[in-house]
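In what follows, residues are counted from 1 in the order of the sequence shown.
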Amino acid sequence: MSRDYVLQPFQSAVHLQIDYARELNEQQCAAVTAPPGPALVIAGAGSGKTRTLTYRVAYLLEQGIPADRILLLTFTNKAAGEMMRRVTDLLGHELATLWGGTFHSIGNRILRQHAALLGYQRDFTIMDRDDAKHLISTCVAESDIDVKAARFPKAEVLGDIFSLAVNTHKAIPDILGTEYGYFDTLAPQIEAMQKSYVARKLATNAMDFDDLLVLWLKLLQNHADVCEHYQRRFQFLLVDEYQDTNKLQSDIIDLLAARHQNVMVVGDDAQSIYAWRGANFQNILKFPQRYPGARTYKIETNYRSTPEILTVANAAIAANVHQFAKQLAPARKSGAKPVLVTCNDAAEQAAFIAQRVLELREEGLDMNNMAVLYRSHFHALELQLELTRRNIPFSITSGIRFFEQAHIKDVTAYLKLVTNPRDELAFKRIALLLPGVGGKGADKLWKAFQSRSRPDEPQIAPAAEKLTPPHVASCDCKIATALQACAKSVPKKATLAWAQLTATLAQLEAPDVRPSAAKMIPLVIEAGYDDYLKENFANYRSRLDDLKQLAIFAQQFGTVDEFLTQMALLTNVEAEAEQQPANRDDEKIRLSTIHQAKGLEFDVVFILMLCDGLFPSARSMESAEGEEEERRLFYVAVTRARNELYLSYPLIRAGYGNTGATLQQPSRFLEEIPKALVDEWNLRTYR
């Protein structure tokens, strides 16, 4: 009979150069000096999570753990570099042998050593998104799938479907059922494409970004000797932002930690807000179940916000059922209560924020330390307009600039062409949306259109006259008529789409539609652009929401020309903000989605559009899980504020299409905050 005999390493008394009890608070110190074994550290917002992880690494090194036996996994290279730099400063020497970096960078490092076991060579290429899209396109082109018989997703959408499937460990039909229901019937063909894509990557010695995790896990699962090697090597694992890990990442961690069980995961379940990109909230929630005997440490002292803001934050997250109970405790002195502002409409909400920003600046606050946060970028359209009118500088950190997004530019191209038939860029952008039309084809169509749309030439060729639809012939539809006359220049693949385009332009030129951008945008969407979104963009629903809100935003403009002019002005303001050197000291208020603002903090924070259906979003309210994630998102927004917090919502919101204005319900998240915790400001217009 054999049994394990644990050999306890002898070491002389440890003389620590860092006084951990003096430099850390009691909760931080308990986590940093935790004994070996699994540990879950719940680090609340503003509680010093990075400090805790940094000192934990230093503590392990001071205990005699070799640097190359520690693995630190983060979500950004910046975070890993910052922690390594801090540890170096603490200990006074470099840590060249410590393994630290993102999941993907560590996966790449390990796969380079063992690529042959997976059929790859060590010099494999890592593809970016564009490379992956082209390779998927090749697989589709070489398949026997008739992409014309049924609307088949484009390569970029297929790539997102494949990515979500591997990162969540779900089958393609399951992903389609929950996220892409409109492609349900194509599940067998999409599965075949995934297999073809995987084979093609192997044949070309190329990996995409997801493979750095997928193949790392496969290596550990299928090669016991390699798995044991890394289990022995990494005696201690430290994982940052554990609440953001997906199933793939948690499986890798569990495998690596299986031998020593010395895994410390650090995160905040209340800040898990990335389910939409595959993050699995259950990873952090069920950690104690997966690691029986795991110690849980809570770090609840907040050094960022005033007590009044923290009280609201605690109330904001309290309704979530699935969470680790915690209460953020203030380290700072008392300040002003958060303010709740009820506005008549979005324009008044924008006016309030703009005026308050100027008042705060007059009081000596730097606009660089102010931020306006929102659930979705379109929530701030009216605010951007108001800030521009008042010449208040702002920067936008919400990913791609709103008005520069492809779907916004596509739809507004129709409006530009109606107002200016000589707009070559608008015409060609629309033409390139049609099947079978490339750059040369668009140029050919433009020349044909030019010849037909000139005022000094016939507007319609005699041969095409009989083909003119009644709705084109019955109104002064110069553009639609010219399009109809160009039909012979259209590739066969685009014949039906061209007929639809002709009919759409006729609708847009109708006298009762032509003056209104708000009427034109829904017609473009309904005339087939909705289907184009489904086929070409993975985030179809959010892009459709953007377009609907753009139509609502357009209602405030008297003419299409005015709408397009303001769009151009706002676009240029955004572009100029991005081009400014980072070291300039010009003051700018920050506009950002909450997702983009996670990890940041500001002296003053405004959170706008707090209405049911906007925040929380209508889609999230369809499930308890979705609503809880939205509540966590609200909690993240609230905890970005250091000194002042303003919460606002409009009573009336313009409706989409012909629905008219609608009365808004305050966000359920506002209803969950006791009235005594906020000051309510009633807006009055000075007369």
Looking just at side-chain N and O atoms, do [X] and [Y] make a donor-acceptor pair shorter than 3.5 Å?
| X | Y | value |
| --- | --- | --- |
| Asp208 | Tyr197 | yes |
| Tyr291 | Asp254 | yes |
| Glu241 | Gln243 | yes |

So, do [X] and [Y] sit near enough that their side-chain heavy atoms are less than 4.5 Å apart?
| X | Y | value |
| --- | --- | --- |
| Trp99 | Ile110 | yes |
| Val198 | Leu202 | no |
| Phe615 | Glu630 | yes |
| Val57 | Met83 | no |
| Asn108 | Phe124 | yes |

Return the set of residues passing salt bridge (Lys or Arg N to Asp or Glu O under 4.0 Å) with Arg200 (not counting sequence neighbours), or none when no residue passes.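 Here the qualifying residues are Glu142.
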As a test of understanding, state which of Tyr120, Trp216, Tyr230 forms a ring-ring contact (aromatic ring centres under 6.0 Å, His included) with His114. Tyr230
When Phe183, Tyr180, Tyr182 are each screened for ring-ring contact (aromatic ring centres under 6.0 Å, His included) with Tyr540, the one that passes is Tyr182
Mind running salt bridge (Lys or Arg N to Asp or Glu O under 4.0 Å) on Arg232 and Glu228 for me, showing each step along the way? CA-CA 6 Å; Arg232 288 179 178 277; Glu228 185 179 3; 3.1 Å; yes
Could you check whether any side-chain N or O of Trp498 sits under 3.5 Å from a backbone N or O of Pro491, counting only pairs where one atom can act as donor and the other as acceptor? no
Using the side chain to side chain contact (heavy atoms under 4.5 Å, CB included) criterion, which residues pair with His322? Sequence neighbours excluded. Phe281, Leu285, Glu628
Aromatic ring proximity Tyr274/His595, centre distance under 6.0 Å: yes
As a test of understanding, state which of Lys416, Arg429, Lys428 forms a salt bridge (charged side-chain N to carboxylate O under 4.0 Å, His left out) with Asp410. Arg429
Would [X] and [Y] pass as an ion pair if we require N to O under 4.0 Å?
| X | Y | result |
| --- | --- | --- |
| Arg129 | Asp160 | yes |
| Arg619 | Asp545 | yes |
| Glu627 | Arg631 | yes |
| Lys440 | Asp443 | no |

Would you please classify the geometry between the Phe449 ring and the Phe427 ring as parallel, tilted or perpendicular, with 30° and 60° separating the classes? parallel
Working to the nearest 0.5 angstrom, can you tell me the gap between Leu248 CG and Leu212 CG?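 Reported value, rounded in 0.5 Å steps: 10.5 Å.
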Measuring from Leu176:CG to Ile190:CD1, what's the distance to the nearest 0.5 Å? 4.5 Å
More than 12 heavy atoms of other residues, nucleotides or ligands under 6.0 Å from CG of Leu600: is that the case?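 More than 12 heavy atoms, drawn from other residues, nucleotides or ligands, come within 6.0 Å of this atom.
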